[in-house]
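Here's the structure we're looking at; comments come further down.
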Number of protein chains: 2
Amino acid sequence: MTEGLGARAPKYHRVADALRREIRDGELAPGQRLPAETTLVERFRMSLPTIRQALGVLRAEGLIESRHGIGTFVKEQRRLQRRSRGRYGSARDHQKLLTHHLRHDIVFAGRGPVPSHIAEVMGIDPGTEVVIRRRHLFDKDTNQPEEIGASYLPVEVAGGTFLEEPTVVPKALFLCVEDLTGRHYTRARDQWIARMPTADESSILELPTGAPVMHVVHVARDEDGDVLEVSESIWPADRVIVIDDYPVEQEAEQPAAASEV
Amino acid sequence: MTEGLGARAPKYHRVADALRREIRDGELAPGQRLPAETTLVERFRMSLPTIRQALGVLRAEGLIESRHGIGTFVKEQRRLQRRSRGRYGSARDHQKLLTHHLRHDIVFAGRGPVPSHIAEVMGIDPGTEVVIRRRHLFDKDTNQPEEIGASYLPVEVAGGTFLEEPTVVPKALFLCVEDLTGRHYTRARDQWIARMPTADESSILELPTGAPVMHVVHVARDEDGDVLEVSESIWPADRVIVIDDYPVEQEAEQPAAASEV
DNA sequence: CAGTGGTCTAGACCACGCG
DNA sequence: GCGTGGTCTAGACCACTGC
């Protein structure tokens, strides 16, 4: 679409545009190193800050990544498939496949005050004591961090059980909860948000500057509507694609007026 | 978490941190204007470029927004609820509610070559001729752009029908297709990606610098597995939250080995 | 050590929105 | 006209990596 910016465009836009085209056309392949900033200064006959500003644009677009002392590289665009509604039922097979590629580090398990954004979906006061399990997930092959996860369980559900211990549980968390309580997971709600990472998330997930995260909050309830568990996952959004397969319901309803979605 | 950076941290980090805390603590409320850059130069006793670098960090985090000639403001964090699997069946009521807040502009309807990322999910060659309907959606109240949308239909499905005309269709698109073809939507697959916007998307959606987009590609097939329709939606990710409500399937399966997701 | 990107400065001029 | 943020420069020094 925007091809060949006019001479009126800011210099750093023209530089970003030229480099973006070289990346898109494969002249600069994924993984390849870009010319050094000083080289780009000579090539485009601009000042270093201007060149750096152009690189900042491409960095924010997720196209390149700079490594201090080494160079600037075209990013590899690999995305790990994640499955929506992937915790339960028939999707278990896929989930199992996925988790076998991942290593779990339990970074915390025990009681603590519930964070406010979780309290909100649980319908309790912020700071109420709950059982919290925090984990970091890494790719077994590359050792790259792939997820920051946490589960929040009401004390009535998980208090006094092995879920307060910092060990990997023997099976899917929801099966443990069902066994321990005799209550059944009946309905779930997922909330998806894409946002910019906090500084902590950025460092744990080793995110390049400007890369967003995908933040999923999962609420599970029993048949009475009581919350059994809230889980949240934070993924590096530039390395994730979420897949959702489902049957189309064949209900005959009155047609909506003018909805083109 | 990161509270009070040491004196070793870069200056622009310290400035960003101070302003971030003021925003989080409400001293700088959403919608409020920040002090002018020159004022911040005096307050923090740093150079203008350093102050601007700090503001760039907050801008990339989605916390502030600068308007040329006016000032820099704390962003309002309003998110429009979007429903996953919201096109069909019982979710129609919610979808109808949503679409009644939105105004549709059909920006194109007719035949054209299929883009490569759509061709891939349709299983056809890039550039094959298909029927394309492109739309922009705006909030009726605020007139703010909320979605860039497009539908791609095989010529066998929509060729020669009113779907090639640039008018709003009388009912949900999938109902039109079912009526016109006698074929039935049976299975669907959604693919979700969060990424940085292109320059075009950024300008159409009026995105502040550094704000990501949510990109959903929806594939619908009939009972034979043939593609009836591919739709894509691009939303400003900083103004969207996706909600997915669903029942938990109660299948008894063999437990997975060590999956804590 | 040399080469890379990261931080920081002082200062200039331009473009925009408003009164 | 004035205050705002946007663009651009020349140059300095630091920090990291690998040889």
Side-chain angles (χ1 to χ4, degrees), chain A residues 5-19 28 31-75 199 202-203 206-211, chain B residues 5-19 28 31-75 199 202-203 206-211:
Chain A
L5 297 174
R8 310 312 316 267
K11 289 185 172 184
Y12 73 92
H13 271 177
R14 301 206 295 271
V15 174
D17 202 53
L19 294 173
L28 290 168
Q32 192 177 336
R33 216 200 81 186
L34 271 69
E37 295 176 345
T38 50
T39 309
L40 294 173
V41 164
E42 294 170 11
R43 171 173 155 198
F44 289 101
R45 302 179 182 284
M46 291 177 196
S47 73
L48 180 57
T50 301
I51 294 295
R52 287 185 57 77
Q53 195 174 2
L55 294 176
V57 170
L58 300 179
R59 206 178 291 119
E61 287 174 4
L63 289 175
I64 64 172
E65 183 178 356
S66 297
R67 294 177 224 157
H68 195 173
I70 307 183
T72 301
F73 299 81
V74 180
K75 275 218 299 192
S202 190
S203 102
E206 296 173 11
L207 293 172
T209 315
Chain B
L5 296 174
R8 309 313 315 267
K11 289 185 172 184
Y12 74 93
H13 271 177
R14 302 206 295 270
V15 174
D17 203 53
L19 294 173
L28 291 168
Q32 191 178 336
R33 216 201 80 185
L34 271 69
E37 295 176 345
T38 50
T39 310
L40 294 173
V41 164
E42 295 170 10
R43 172 173 154 198
F44 288 101
R45 301 182 182 283
M46 291 176 195
S47 73
L48 180 57
T50 301
I51 293 295
R52 288 185 56 78
Q53 195 174 3
L55 294 176
V57 170
L58 300 179
R59 206 178 292 120
E61 287 174 3
L63 289 175
I64 64 172
E65 182 177 356
S66 297
R67 293 177 224 157
H68 195 174
I70 307 184
T72 301
F73 299 81
V74 180
K75 275 219 301 194
S202 190
S203 101
E206 294 174 12
L207 294 171
T209 315

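Each chain gets a letter, A, B and so on, in the order its sequence line appears, and its residues count up from 1.
Toward the 5' end of DNA chain C, the nearer of the two residues A/Ser66 and B/Ile70, judged by each one's closest nucleotide, is A/Ser66. With the nearest nucleotide of DNA chain D identified for both B/Pro49 and B/Leu34, B/Leu34 has the one nearer the 5' end.
Of all heavy-atom pairs spanning B/Arg59 and B/Ser66, the tightest one is NH2-OG, 3.1 Å. Closest heavy-atom contact between A/Glu37 and A/Ile51: O-CG2, 4.1 Å. Heavy atoms only, all atoms of each residue included: A/Ala16 and A/Leu58 are closest at O-CD2, 3.7 Å. Between A/Arg33 and A/Ala36 the shortest heavy-atom distance is NH2-N, 3.6 Å.
Atoms CD (B/Glu37) and P (D/dG6) sit 6 Å apart, rounded to a whole Å. C/dC14 atom C1' lies 15 Å from atom NE2 of A/His13, rounded to whole Å. If you measure from atom CD1 of B/Ile51 to atom C1' of D/dG6, you get 16 Å, rounded to the nearest angstrom. Rounding to whole angstrom units, CE of residue B/Met46 and P of C/dA10 are separated by 12 Å. Between A/His68 atom NE2 and C/dA2 atom P there is a gap of 17 Å when expressed in whole angstrom units. For the pair A/Leu48 CG and D/dC14 P, the interatomic distance rounds to 17 Å; values are reported in whole Å. Going from atom CD of A/Glu65 over to atom P of C/dT4 covers 18 Å, rounded to whole Å. Here the C1' atom of nucleotide C/dG6 and the NZ atom of B/Lys11 are 14 Å apart, to the nearest Å.
Proximity of B/Arg52 to the phosphate of D/dG6: a side-chain N or O atom is located under 4.0 Å from OP1 or OP2. Of the side-chain N and O atoms in B/Arg67, none sit less than 4.0 angstrom from OP1 or OP2 of D/dG5.
The side chain of B/Thr50 has C/dC8 as its nearest neighbour among D/dG5, D/dT9, C/dC8. In the set C/dG5, D/dG6, C/dG6, the nucleotide with an atom closest to the side chain of A/Arg59 is C/dG6. Here the side chain of A/Ser47 is nearest to one of C/dC8, D/dT9, C/dG6, namely D/dT9. The side chain of B/Gln53 lies closest to C/dT7, out of C/dT9, C/dT7, D/dG6. Taking the side chain of A/Tyr12 as heavy atoms from C-beta on, and the options D/dC8, C/dT4, D/dT4, the nearest nucleotide is D/dC8. Minimum atom distance to the side chain of B/Pro10 is reached by C/dC8, of the listed D/dG5, C/dC8, D/dC8.
Each of B/Val41, B/Leu40, B/Leu19 was checked for a side-chain contact (heavy atoms from CB on, under 4.5 Å) with B/Pro35, and the lone residue meeting it is B/Leu40.
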